[in-house]
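When a residue number appears, it is its place in the shown sequence, counting from 1. In this text the structure is predicted, and so the values were computed from the model without any measurement. Remember, it's 1-based here, ligands and their atoms both numbered in the order they're listed.
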Amino acid sequence: IVQTGDPVLRQQGRWLNRADITSPQIQELIELMRETMREAPGVGLAAPQIGESIQLAVIEDRAEYLADIPAEQLAKYQRAPVPFHVIINPKLTVVGDASVEFYEGCLSVEGFTAVVVRALNVRVECLNEKGEELTINAHGWYARILQHEIDHLNGTLYIDRMNTRTFSTAENMFRFRA
Ligand code: ZN
């Protein structure tokens, strides 16, 4: 997984048309991204993170990732399982004024974390892996994942949005904050 400092993480990804999406190359890329995300493990992975500057990301928050997290924490984060899915050429709209701040990390800024304010509710219009139009209404942690991944497709990292004084190694966050 590409780490921060690589210019590919700072470029706007290229938009895909339906012929691109259904091509064997893109279908194979989606499979590779699914495996890479699961191996990491992560709850989202954007194509620029594996060096491909295109508007495509995969998302999955598996029930097994949540199994060891206490119910009160899940409620606080408003986190629930999200099945595997693909977003292509996404357009994100913030819904309402509510925002929430939590520690967030990124597979491309390995070992670190910081507090990032994100909208609580978002709507995403995009295409799926078959090139079909899809509208997603998301809330809580899922809305945060979508904002984080769509930022990647536009060359933005969470470190551009973080509260800089909270920037911490993941180890120290658990040591001093958890
Ligand atoms: Zn990331």
Side-chain angles (χ1 to χ4, degrees), residues 1-16 26 29-62 64-66 69 77-94 99-124 126 129 136 138-174 177:
I1 296 176
V2 172
Q3 293 300 304
T4 184
D6 189 315
V8 74
L9 292 173
R10 293 314 198 164
Q11 291 160 10
Q12 176 149 68
R14 177 173 63 84
W15 274 264
L16 299 178
I26 293 294
L29 182 78
I30 290 169
E31 276 311 303
L32 174 68
M33 287 176 64
R34 189 208 313 242
E35 286 163 24
T36 305
M37 174 174 63
R38 285 181 176 172
E39 276 167 26
V43 294
L45 186 71
Q49 295 182 275
I50 58 160
E52 296 288 338
S53 191
I54 56 174
Q55 294 279 325
L56 187 153
V58 296
I59 291 172
E60 180 182 47
D61 201 359
R62 307 179 85 175
E64 65 185 74
Y65 300 156
L66 310 184
I69 303 174
Y77 292 122
Q78 303 191 59
R79 185 169 171 183
V82 178
F84 176 84
H85 69 97
V86 180
I87 59 170
I88 296 168
N89 302 346
K91 182 173 154 279
L92 183 136
T93 309
V94 169
S99 61
V100 275
E101 48 179 49
F102 287 113
Y103 277 94
E104 184 174 315
C106 177
L107 297 172
S108 294
V109 188
E110 215 179 301
F112 293 93
T113 182
V115 170
V116 183
V117 177
R118 298 283 190 185
L120 183 60
N121 297 290
V122 299
R123 180 169 53 248
V124 173
C126 62
E129 73 284 0
I136 301 166
H139 174 77
W141 200 256
Y142 180 30
R144 177 172 294 263
I145 298 170
L146 285 164
Q147 290 168 83
H148 179 114
E149 298 311 328
I150 293 170
D151 270 351
H152 271 302
L153 306 183
N154 295 302
T156 296
L157 300 174
Y158 84 84
I159 52 178
D160 305 330
R161 301 189 185 278
M162 69 181 175
N163 172 340
T164 54
R165 290 183 62 87
T166 65
F167 187 60
S168 169
T169 63
E171 193 185 337
N172 279 340
M173 191 270 281
F174 288 116
R177 298 277 182 155

Checklist outcome for this item: Total protein N/O/S atoms sitting under 2.8 Å from the Zn ion (ligand 1), waters ignored, is 3
Checklist entry - Excluding sequence neighbours, so at least two apart, what forms side chain to side chain donor-acceptor pair (under 3.5 Å) with Arg79? => result Asp61
Item to check | Residue pair Arg144, Val100: steps toward the side chain to side chain contact (heavy atoms under 4.5 Å, CB included) verdict | outcome: CA-CA 9 Å; Arg144 177 172 294 263; Val100 275; 4.0 Å; yes
Next on the checklist: Cys106 vs His152, test: side chain to side chain contact (heavy atoms under 4.5 Å, CB included). Steps then yes/no.
Outcome noted: CA-CA 10 Å; Cys106 177; His152 271 302; 3.4 Å; yes
Next on the checklist: Check this for me, if you would: do Glu31 and Arg34 make a salt bridge, where the nitrogen-to-carboxylate-oxygen distance has to be below 4.0 angstrom?
Outcome noted: yes
Next on the checklist: Quick check on Glu110: does its CD atom have over 12 non-hydrogen neighbours (other residues, nucleotides or ligands) under 6.0 Å away?
Outcome noted: no
Checklist entry - Can a salt bridge be assigned to the pair Glu104 and Arg118 using a cut-off of 4.0 Å between side-chain N and carboxylate O? => result yes
